[in-house]
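Proteins get letters first, then strands, A, B, ... in listed order; numbering begins at 1 in each.
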4 protein chains.
Amino acid sequence: MTNVVQSKSTDRKVEILDAALTLFVKKGFHRTSIQDIADAAGITKGGLYHYLKSKEEILFSLHERFISEGFEKLKLIEEESLLPEEKLVKLLEAHLEIIHDYKDAITIFYKEYNNLSPENYKIVLKKRDDYEDIFVNALEEGRINGVFNIENSRITSFFILGASNFMYHWYNPNGEKPLDELARIYLNMIKHGILNE
Amino acid sequence: MTNVVQSKSTDRKVEILDAALTLFVKKGFHRTSIQDIADAAGITKGGLYHYLKSKEEILFSLHERFISEGFEKLKLIEEESLLPEEKLVKLLEAHLEIIHDYKDAITIFYKEYNNLSPENYKIVLKKRDDYEDIFVNALEEGRINGVFNIENSRITSFFILGASNFMYHWYNPNGEKPLDELARIYLNMIKHGILNE
Amino acid sequence: MTNVVQSKSTDRKVEILDAALTLFVKKGFHRTSIQDIADAAGITKGGLYHYLKSKEEILFSLHERFISEGFEKLKLIEEESLLPEEKLVKLLEAHLEIIHDYKDAITIFYKEYNNLSPENYKIVLKKRDDYEDIFVNALEEGRINGVFNIENSRITSFFILGASNFMYHWYNPNGEKPLDELARIYLNMIKHGILNE
Amino acid sequence: MTNVVQSKSTDRKVEILDAALTLFVKKGFHRTSIQDIADAAGITKGGLYHYLKSKEEILFSLHERFISEGFEKLKLIEEESLLPEEKLVKLLEAHLEIIHDYKDAITIFYKEYNNLSPENYKIVLKKRDDYEDIFVNALEEGRINGVFNIENSRITSFFILGASNFMYHWYNPNGEKPLDELARIYLNMIKHGILNE
DNA sequence: CATGAATGAGAATTCATTCAT
DNA sequence: TATGAATGAATTCTCATTCAT
């Protein structure tokens, strides 16, 4: 899946990014200094610049890392030949798993993306749109088939993603509800709503 | 509804806060300098400090303004004697209205609240919890009555609020869908889900 | 001794000066703001400027108040016709009394006089010199008479004043030793030294 | 005596401290800006912060430098086995020498120590007390032996140190009286007083 | 007399980034 | 690769003083 052999440099870079992510989550992008990151990564400020050429690049790399991996995951599901309902379920399960795995990265994504350079901002937003489009397309397919009783696939997509994304504000991986249990509850509400009929 | 007569200072402070809000939304809290705010408000840097004693107080005031007004609105509905379903509908309509009216404030609330001082952070989080509790209580009432087919009122509340709050990421007040139309669509999904049964 | 009838303004000014003195002792001249002084005196910042035209004038007035009164006291003793030893004793007793009464003013005098404007600096230093000269003259008279076994009246004067002035660093008016007891001890050391002979 | 080999950084730091000391004596702590110090030391403001992390640390370092060296000097004398009178004489000669060598540092010590942070304030005051205790102990030893005709060693210590310390207000190293001459005069007054008997 | 608003200059400090070694 | 020194621009905040009302 991932490269087993990585150069020392790559390791070092990953360490720096991990350290940065932790700090960004705790203190925010601007309140975290390059010095802080260097300290946390066990490197000097000057040394850090051998791996990453600016603070913005750190932020961008963090975005990239999470959004690319997430997109790849969904893409694989999209390409499977599944019924709309099954596809939506699998997409959503994957999405919740991504939220679980990349809680920190998602947190800073929603808070700090406007600190990206205009060029990187565009790249990231494009990927986010592609990500969302996978949901929109799955919903649209089901809407046309008559499986989903929805008016507008995009609005529905935002509805579902919104409900899911909000989880990063409150979801505690060590809390009482395991993720698959939550996924079941969420799916149920999405499919049938909350009203007893 | 609002005071018609306000002292000059109150006006000035409101001007400063409005200017700050606009800038915070556009550039984020840290990338907006006091100088930027003062310029936008047509006042000198020193003058600004006559009305607000720190940059953090500006952020806090913006939070306060929106979260207190929002809470009052919901509180009034909570105190009406309504059936659970009716109450939830009214609460949600009010909530979407608040999102509509305070889109900018909510944007910076979710992005920048961790720039508040510890004391103000506590105050704001307390109010946010009170706000959410109104939804949780309404859902719990319906759950006990058997009107709502839900397992857990808090998770359901987060589900609904999450879906709604995410609107501030994409909702355009001048877009094709008017707010009441969106409210109808959202309510429908919350009540009945998306599956054709 | 002092005016029994004073205008309201004069009272107000005295209040301001007293408030300022207390604050200067506690926090130093620069760390005390005009706002602090105004607050302590129960007046507004703008109001304060009706009584004193600058922060420096406050400092100068405090110096004046203490150094003029002190000088007058010594002057009266100087003009009495006394034997050198008696005169020195009376001068020193008066000096210690002044230190007792104006501990705070003396503290800020030695710490903050270099914050005076050049003109006021000159005035204050002139008065300090006049004050010291009274001691030098008394010593010189005794030296010529052969009452005092000293080489240089100025150095001796500094020796005596130094020993006395240092008291403001440690003298506690509510401590175990009353002032007259201290005066006796000091005079004894000045007259006979510390060696058993 | 002192390290012959010092790192470049140590040199730079010493340069900054020396520049600061000169300026503090001339203009006082608060009227000297970091910019002033940086300019005088031939470094940029930002560069200065590479060596010292705050203005307060500059002040503290200046205090430390002088008070630690002074204390070491006295400590060595205290540990010699000398008769009380001889010990007092040597202590006082050393003390006057310290005043001669560190006139500037002592000046700002007495004027500006209340600008230290509470923690550093404590440290400095502790050292000052230790310094004074050396004199108190020497006097107490002589008082018990009957060599000194004094009532209270602490008051006597303050008397002597006060007389000596005051020298920094008027002593001019290039004046007519060399230091050892002054030491002789002072010692004479301390030992025998000023009265012809 | 008194006030509150406003000013403008200056202060300490932070920090991303560069670069000689 | 790695470092520590250095830079320079930006930033928040303070404050003595003025002045219209």
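- Between the C1' atom of F/dA2 and the CD1 atom of A/Ile43 lies a distance of 8 Å, rounded to the nearest Å.
- Where DNA chain E pairs in unbroken runs of 3 or more (Watson-Crick or G-U, both distances under 3.5 Å), the stems are E:2-21 with F:2-21.
- Computed from coordinates, the D/Tyr49 OH to E/dA12 C1' distance equals 5 Å when rounded to whole Å.
- Taking the six-membered ring where tryptophan is involved, the planes of B/Phe109 and B/His63 are perpendicular, since the angle between them exceeds 60° and thus also 30°.
- Look at CG on D/Leu52: it is 12 Å from P on F/dA5, rounded to the nearest Å.
- Across the interface with DNA chain F, nearest-nucleotide mapping of D/Gly46 and C/Gln35 shows D/Gly46 to be the residue nearer the 5′ end.
- The nearest whole Å value for the distance from the NZ atom in D/Lys55 to the P atom in E/dG10 is 15 Å.
- Rounding to whole angstrom units, NZ of residue A/Lys53 and C1' of E/dC19 are separated by 18 Å.
- Rounded to whole Å, atom P of F/dT12 lies 10 Å from atom CG of B/Leu48.
- Atom CG in C/Asn115 sits 11.0 Å away from atom OH in C/Tyr121 (nearest 0.5 Å).
- Within a 6.0 Å sphere centred on NZ of D/Lys27, other residues, nucleotides and ligands contribute more than 12 heavy atoms.
- Taking atom NZ of residue C/Lys27 and atom C1' of nucleotide F/dC15, one finds them 12 Å apart after rounding to whole Å.
- No donor-acceptor distance shorter than 3.5 angstrom exists from the side chain of A/Lys111 to the backbone of A/Phe29, with no hydrogens or angles considered.
- One can place CD1 of C/Ile34 at 16 Å from C1' of E/dG4, the figure rounded to the nearest angstrom.
- The only option from B/Thr32, B/Ile16, B/Ile58, B/Asp104 that meets the side-chain contact (heavy atoms from CB on, under 4.5 Å) definition with B/Leu21 turns out to be B/Asp104.
- For E/dA5, one of the phosphate oxygens OP1 or OP2 lies less than 4.0 angstrom from a side-chain nitrogen or oxygen of B/His50.
- With the nearest nucleotide of DNA chain E identified for both B/Thr44 and D/Asp36, B/Thr44 has the one nearer the 5' end.
- Two residues, B/His30 and C/Ser33, neighbour DNA chain F, and the one matched to the more 5' nucleotide by heavy-atom proximity is B/His30.
- Note that the CD1 atom of D/Ile67 and the CD1 atom of D/Ile123 stand 11.5 Å from one another [nearest 0.5 Å].
- Contact annotation: C/Arg31 side-chain N/O to F/dT14 OP1/OP2 distance is not under 4.0 Å.
- Nucleic acid contact class of A/Lys45 (heavy atoms, under 4.0 Å, all strands): base.
- With no hydrogens or angles considered, a side-chain donor-acceptor pair links A/Glu56 and A/Asn120 at under 3.5 Å.
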